[in-house]
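To keep things clear, I will list the structure first and then write my remarks on it.
In this text, all values refer to a predicted model and were calculated from it rather than measured experimentally.
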Amino acid sequence: MSRIAYVNGRYVPHAQARVHIDDRGYQFGDGIYEVCAVRGGHMIDNGPHLDRLERSLREMAMAMPMSRAALECVMRETIRRNLVRDGIVYLQMTRGVAPRDHAFPKHPKTQIVVTARNAKPHAAAMVEDGVKAIVQPDIRWGRCDIKTISLLPNCIAKQAARVAGAYEAILVDENGVVTEGSSSNAWIVTQDGKLVTRPPSNDILNGITRLEIIRIAKALGLAFEERAFTLDEMRRAREAFVTSASSFAMPVTQLDEAPIANGKPGTLALRLRAAYLAHMDQQAGAA
Ligand code: PDD
């Protein structure tokens, strides 16, 4: 089956989908995006994802190119045309096409691209054994709360992880404090059993999976603290895991060359993963 992309009002074969070389996304990384999980053909948590999209647009002084209802229709139709059951829908908006000039164009026209694809299920071993992460310096800018397509520092960190045979790079600031993963939020369970993740700020992306896992943890009555934690604490943690729309909750059992705790996925990480999968299945079933 050939893939279909939505590009500025038209559904086109993926191989022929094009944007102009003067698109500010191409020239400057001047745009924003969202990634929404798809389960059983249905978007998961699309409401909060579109809330965050609208926030990113506002923070970038960009206009929504269509109504939210129309956008949801396009996302659904892209999922349908690509026969996506379990995977992701990707949505990108840029400030549009204009002669190259750093300052914003006077009359920008937001450009939009939507794609969707199936994703392979996580290999059983990743969940049963956990994954390796490496530590990388956080060299990003001061507005990591905006889901911008300017992802070069994230790409550099992820590539370092790939080279090291690791799944994720954990980003650490100049004070030795963990910010987040290169494309995920970071969590630990302390030695006294407290679930900890960093509060939202300009230093991290406020993950939609993160918000749902917090809701689940509270509903389960788990001891939970929203605060920054150091790399040292993460190395000494009882458990660690990362969350995102594509990882769900993924246990991290090795950091650089050392195991975390006994090197096996933690009970809370697995419990939260199971609860998150149930949350997705429930939304897919109810839709
Ligand atoms: N990444 N932090 C960063 C830097 C991210 O890029 C992501 C998501 C997250 C988790 O956010 P959410 O739970 O809403 O997926 C945190 C997506 C999956 C990506 O870039 O592909």
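Residues Cys144 and Leu205 have side chains not in contact (no heavy-atom distance under 4.5 Å, counting atoms from C-beta outward). Between Gln283 and His42, the closest side-chain pair of non-hydrogen atoms is not below 4.5 Å. Between Pro200 and Glu226, the closest side-chain pair of non-hydrogen atoms falls below 4.5 Å. Under the 4.5 Å side-chain criterion, counting only non-hydrogen atoms from C-beta, Pro105 is in contact with Arg95. Using a 4.5 Å heavy-atom threshold, the side chains of Val38 and Arg85 count as separate. Looking at Phe224 and Thr197, their side chains come closer than 4.5 Å, going by heavy atoms from C-beta outward. The shortest side-chain heavy-atom distance between Trp141 and Thr148 falls under the 4.5 Å cut-off. Proximity of Leu91 to Leu71: side-chain heavy atoms (C-beta onward) are separated by under 4.5 Å at one or more points.
Tyr6 and Val113 are members of different hydrophobic clusters when ILVMFWY side chains are connected at heavy-atom separations under 4.5 Å. Hydrophobic clustering (side-chain heavy atoms under 4.5 Å, transitive across Ile, Leu, Val, Met, Phe, Trp, Tyr) keeps Ile88 apart from Leu83. Connection of Ile188 to Val131 is established within a shared hydrophobic cluster, with ILVMFWY side chains joined at heavy-atom distances below 4.5 Å, either directly or through further cluster members. Linking Ile, Leu, Val, Met, Phe, Trp and Tyr whenever their side-chain heavy atoms come within less than 4.5 Å puts Leu57 and Ile146 in one cluster.
Under 4.0 Å is where a charged nitrogen must lie from a carboxylate oxygen, and between Arg52 and Asp145 no such pair does. Residues Asp256 and Arg235 are paired through a salt bridge, judged by an N-O separation under 4.0 Å between the basic side chain and the carboxylate. At a threshold of 4.0 Å, the pair Arg39-Asp281 counts as salt-bridged, since one of the basic side-chain nitrogens sits closer than that to a carboxylate oxygen. One finds no salt bridge joining Glu233 and Arg236 here, because no Lys/Arg side-chain nitrogen approaches an Asp/Glu carboxylate oxygen to under 4.0 Å. Ionic pairing of Glu239 and Arg271 is not present here: no N-O contact between side-chain nitrogen and carboxylate oxygen is shorter than 4.0 angstrom. By the 4.0 Å N-to-carboxylate-O rule, Arg198 lies too far from Glu180 to be salt-bridged with it.
A donor-acceptor pair shorter than 3.5 Å can be found between the side chains of His279 and Glu212. Side chains of Asp192 and Thr190: a donor on one and an acceptor on the other come within 3.5 Å. Inspection of the Asp23 and Gln111 side chains reveals no N or O donor paired with an N or O acceptor under 3.5 Å. If you check the side chains of Arg273 and His122, you find a donor sitting under 3.5 Å from an acceptor. A donor atom on one side chain and an acceptor atom on the other are found under 3.5 Å apart for Thr179 and Asp138.
Within a 6.0 Å radius of CZ in Arg10, no more than 12 heavy atoms belonging to other residues, nucleotides or ligands are found. Residue Tyr26 qualifies as open at atom OH: its count of foreign heavy atoms under 6.0 Å is 12 or below. Remark: Arg143 CZ is packed, more than 12 non-hydrogen atoms of other residues, nucleotides or ligands lying under 6.0 Å away.
Counting only distance, with no hydrogens or angles, the side chain of Thr110 and the backbone of Ala63 share a donor-acceptor pair below 3.5 Å. Of the possible polar contacts, one joining the Gln27 side chain to the Ile21 backbone as a donor-acceptor pair under 3.5 Å is found. Ser247 contributes no side-chain N or O that, together with a main-chain N or O of Ala249, makes up a donor-acceptor pair within less than 3.5 Å. Looking only at distances, no side-chain donor or acceptor of Asp22 sits under 3.5 Å from a matching main-chain atom of Arg100. Panel note: side chain Arg215, backbone Arg210; no donor-acceptor pair is recorded below 3.5 Å. Between the Ser184 side chain and the Val242 main chain, no donor and acceptor come within less than 3.5 Å of each other. Under the 3.5 Å distance criterion, the side-chain polar atoms of Asn82 are left unmatched by any main-chain donor or acceptor of Val84. Here the side chain of Ser150 pairs a donor or acceptor atom with the backbone of Gly29 at under 3.5 angstrom. Between the side chain of Thr230 and the backbone N or O of Val178 there is no donor-acceptor pair closer than 3.5 Å.
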(request) Give the C-alpha distance, both sets of side-chain angles, the deciding distance and a yes or no for side chain to side chain contact (heavy atoms under 4.5 Å, CB included) between Asp51 and Arg68. (result) CA-CA 10 Å; Asp51 289 345; Arg68 188 162 157 151; 2.7 Å; yes
(message) With side chain to side chain contact (heavy atoms under 4.5 Å, CB included) as the criterion, how do Tyr167 and Met126 come out once you've worked through the C-alpha distance, each side chain's angles and the decisive distance to 0.1 Å?
(response) CA-CA 9 Å; Tyr167 177 77; Met126 284 171 73; 3.3 Å; yes
(request) Mind running salt bridge (Lys or Arg N to Asp or Glu O under 4.0 Å) on Lys132 and Glu168 for me, showing each step along the way? (result) CA-CA 7 Å; Lys132 174 181 175 181; Glu168 180 58 301; over 6 Å; no
(request) Carefully, step by step, assess Val196 and Trp187 under the rule side chain to side chain contact (heavy atoms under 4.5 Å, CB included). (result) CA-CA 6 Å; Val196 182; Trp187 299 67; over 6 Å; no
(message) For Glu59 and Lys147: C-alpha separation, side-chain torsions, deciding distance, then whether salt bridge (Lys or Arg N to Asp or Glu O under 4.0 Å) applies.
(response) CA-CA 10 Å; Glu59 294 299 312; Lys147 200 163 171 61; over 6 Å; no
(request) Give the C-alpha distance, both sets of side-chain angles, the deciding distance and a yes or no for side chain to side chain donor-acceptor pair (under 3.5 Å) between Thr253 and Lys264. (result) CA-CA 6 Å; Thr253 48; Lys264 299 262 178 293; over 6 Å; no
(request) Kindly determine whether Val89 and Thr115 satisfy side chain to side chain contact (heavy atoms under 4.5 Å, CB included), including the steps that lead there. (result) CA-CA 6 Å; Val89 55; Thr115 58; over 6 Å; no
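For the pair Ala275 and Ile216, the tightest heavy-atom approach, listed with the atom from each and the gap, is CB-CG2, 3.6 Å. When all heavy atoms of Val127 and Pro265 are compared, the pair lying nearest together is O-CG, 3.3 Å. Residues Ala237 and Ile260 share a closest heavy-atom pair of O-CG2, 3.7 Å. When all heavy atoms of Ala5 and Ala17 are compared, the closest pair comes out as CB-CB, 4.0 Å. Scanning both residues, Leu171 and Ala157, for their nearest heavy atoms gives CD2-CB, 3.7 Å. Smallest separation of non-hydrogen atoms from Ala284 and Ile44: N-CD1, 4.4 Å.
Here the straight-line distance linking atom CZ of Arg18 with atom CG of Asn8 works out to 14.0 Å at 0.5 Å rounding. Rounding to the nearest 0.5 Å gives a distance of 11.0 Å between CD1 of Ile214 and OG1 of Thr209. Of the inter-residue distances, the one linking Asp173 atom CG with Leu231 atom CG reads 10.0 Å to the nearest 0.5 angstrom. Remark: Leu211 CG to Ile213 CD1 distance equals 10.5 Å, nearest 0.5 Å. For the atom pair SG (Cys36) and CG (Leu50), the distance works out to 7.0 Å, reported to the nearest 0.5 Å. Interatomic distance, CG of Leu222 versus NZ of Lys194, reported as 13.0 Å (0.5 Å rounding).
Residue pairs meeting the ring pair (Phe, Tyr, Trp, His ring centres under 6.0 Å) criterion with at least one partner in residues 91-118, sequence neighbours excluded, are Phe28-His102.
For the pair Arg81 and Tyr11, the cation-pi test (distance below 6.0 Å, angle within 45°) is passed.
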